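Side chains are part of it too, since the values below use all heavy atoms of this structure and drop only hydrogens, waters and symmetry mates. Computed from a predicted structure; not experimentally measured.
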Amino acid sequence: MKTIAIIGSSGGNLYNLGGKNPRKLLDEIENQCSAADFNIAAVQFIASDVSMDQAKASSKTSLFSLDEEGQVTQSPPNTLEQINEQAKQTDEQIAALILNQTVDGLIVMSADPKCANQNVINAAIQRNIPIVGTGGTSMATISAQGANVIAKSGTTGTTNRTRAISFISSLAKYWDVTYKPIIGTTSKMNAENSGSIWKNMNIRGIMVSALPGFIAMALVLALSKIPIFSGLEDIFDIMIGALPIIIAAIAAKQVSNLDEVSIVAGVVAGVLSVNGGIIGGLIGGILAGVFVHYFFQKCISWKFPMTTVNIVTGGLAGLFAGLLVYFLFAPIALFIGDGIKIAIEAAIAYNPILAGLLGGLLIWPAILGGIYHAAILPIVLLEMEKTGVSFLGAIDMVGLVMVSAGINLANIVAPREKGEAAAATPGFLINMGFGTFVEAAYPFMFSNKIVFAGAILSAGVGGALVGLFDVRGTAYVPTFTTPFLSDNPYGFIIAMLAAFILSFAITLIANKRKKVDIVDKGVNA
């Protein structure tokens, strides 16, 4: 039997995609470990009441760990600063387990390899045990230190269950262990999320989870431009109408946390919310989730048969929520959505180059400051709602993905230090192959001011070209396919290449300059 340890925190973007419910997150991993016959030897999970992007030293935080009986326990709430100090003790204990060959593998989620998890990571590197995990910044840093990372990713588009399955699948494959994932829930229907239902509402998490539906729509749009597939234009119109339903189903499930019943309620509400666009679907789904929660509790307290509970909870909750949107909120939601899109188009019409330049210059500060997933991505989806492509989506691909790819390639071709090429290679491949994981460039940006400034400059130049050629596009798809998903393939290619080449050149120059400085210091010494 293989033994693993789990370390990390509720994270930034992870917080919005399951990290704020640490017990459910850890339960999902435990369920998948049981399916693979893995033993969990240790846990160190720092859970804050807010996203780590906004957390302060005084933020209310708890530490999850294993007791002597192997059960996950939660420490009394304290400040983040105090919990981090407690975590350092657990860090030393888990590191000792690794060095004593008690732990065979490591699961990492939004960890802190330079402080709270430093000893564990160093021990894992020393023993070369396999590491799987999520969290762009932390995983990139761990990889750069020479750890045996066999699988890593960002958090966008993931759930607690899909992450757990991915973690255990990678470890099982590495160890050649038979593993059949647990896809369905293993808990009873009334095992709801603890705490207030209102805490489950997270618009950012809902919109990010809906992203695959928008990408599917963009792919259909691209195919419909090929003469042989021209009939797909009708499919594209159908998919546009389905987007509010997708968002409503996700919103209802995330808010109520009752799986299939809440999905049914969300779909019913979404069908009646179509006239309000994706904002209408969002409102309908949230209302459906709230109604599901309260209807379920009432039906259980009234001792209804479980079949009746399902019918009342899934059917009536969705119907009531959908009717409220249909008769009351749809016009308001449509007005808000159209207003945002009109404002963007007005800014572009006034000065497209300036609009693109500002978008490019601000895109890196936005993602570093936690604003990207909270504001920019939802606006991208609003833009895509009608046409399948987006101005800000094109800036995302050009200013983030291509710039990250350029930085990573430069560190493959001419790294500053030995080992950086190996760290940059996975990031570059993910950038190019999947159009995401821009966090791979963070270690190189944070360690060199010239590279950091070059990233912002390259994004600004690329954004200006997006404005110049009036490009609409998207990210989160293989990079070589993105021009064909845009409304101006040639203009998109020029903008992508410009940002890529410029970031590559600046990083190359910065790396060579750093090498010269190191050599000079060595000679003078």
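What you find for Tyr15 and Asp49 is that their closest heavy atoms are OH-O, 2.7 Å. Between Gly289 and Val255, the shortest heavy-atom distance links the atoms C-CG1, 3.8 Å. Closest approach of Ser390 to Met384, counting heavy atoms only: CB-CG, 3.8 Å. Considering all non-hydrogen atoms of both residues, Asn511 and Ala410 come closest at ND2-O, 4.0 Å. Of all non-hydrogen atoms in Ser458 and Ile506, the two that sit nearest each other are OG-CD1, 4.2 Å. When all heavy atoms of Cys115 and Lys88 are compared, the pair lying nearest together is SG-CE, 3.6 Å.
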Check against side chain to side chain contact (heavy atoms under 4.5 Å, CB included), Arg416 and Ser447: CA-CA 11 Å; Arg416 293 173 304 169; Ser447 61; 2.8 Å; yes
Derivation and outcome, side chain to side chain contact (heavy atoms under 4.5 Å, CB included), residues Val380 and Asp396: CA-CA 9 Å; Val380 169; Asp396 184 338; 5.5 Å; no
Stepwise side chain to side chain contact (heavy atoms under 4.5 Å, CB included) check, Thr474 with Phe214: CA-CA 10 Å; Thr474 185; Phe214 288 82; over 6 Å; no
Test log, rule side chain to side chain contact (heavy atoms under 4.5 Å, CB included), inputs Thr436 and Val401: CA-CA 6 Å; Thr436 184; Val401 178; 5.8 Å; no
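Shown here are the side-chain contact (heavy atoms from CB on, under 4.5 Å) partners of Pro130, two or more places apart in sequence or in another chain: Asn148, Ile150, Leu171, Tyr174, Trp175.
Taken to the nearest 0.5 Å, the CG atom of Asn21 stands 9.5 Å off from the CG atom of Leu26. Atoms CZ and CG, on Phe504 and Asn411 in that order, are 10.0 Å from each other to the nearest 0.5 Å. Atom-to-atom distance recorded for Ile131:CD1 and Ile7:CD1 is 7.5 Å, nearest 0.5 angstrom. The distance from the CG atom of Leu282 to the CE atom of Met207 is 6.5 Å, given to the nearest 0.5 Å. Here CD of Gln118 is found 8.0 Å from CD of Gln145. Values are rounded to the nearest 0.5 Å. Summarising the geometry, atom CD belonging to Glu85 is positioned 9.5 Å from atom OG1 belonging to Thr79; distances are rounded to the nearest 0.5 Å.
Side-chain atoms of Asn448 come within 3.5 Å of backbone atoms of Ile450 as a donor-acceptor pair (strictly under, hydrogens ignored). Between the side chain of Asp91 and the backbone N or O of Asn119, at least one donor-acceptor pair lies under 3.5 Å. Without hydrogens or angle criteria, Trp364 side chain to Gly399 main chain gives a donor-acceptor distance under 3.5 Å. For the pair Gln86 (side chain) and Leu63 (backbone), a donor-acceptor distance under 3.5 Å is absent. Panel note: side chain Ser10, backbone Ala47; no donor-acceptor pair is recorded below 3.5 Å. Counting only distance, with no hydrogens or angles, the side chain of Ser404 and the backbone of Leu400 share no donor-acceptor pair below 3.5 Å.
Annotation: side chain of Phe437 is in contact with side chain of Glu439 (closest heavy-atom distance under 4.5 Å). The side-chain heavy atoms of Phe38 and Gln32, taken from C-beta on, include no pair separated by under 4.5 Å. Between Asn13 and Asn16, some side-chain heavy-atom pair lies under the 4.5 Å cut-off. Between Leu382 and Ile279 the shortest side-chain heavy-atom distance falls below 4.5 Å. For the pair Val50/Lys56, no side-chain contact is recorded, criterion being any heavy-atom separation below 4.5 Å from C-beta on. For the pair Ile29/Met109, a side-chain contact is recorded, criterion being any heavy-atom separation below 4.5 Å from C-beta on. By the 4.5 Å heavy-atom criterion applied to side chains, Thr61 and Ile46 are counted as neighbours. Taking the side chain as every heavy atom from C-beta outward, Phe446 and Thr141 never approach each other to under 4.5 Å.
Side-chain atoms of Thr73 and Asp67 include no donor-acceptor pair closer than 3.5 Å. Side-chain contact annotation: Gln44 with Asn117, donor-acceptor N/O pair under 3.5 Å present.
The aromatic rings of Phe64 and Phe45 sit perpendicular to each other, their planes meeting at more than 60°, with 30° as the lower class boundary.
Gln74 CD: more than 12 foreign heavy atoms inside a 6.0 Å radius.
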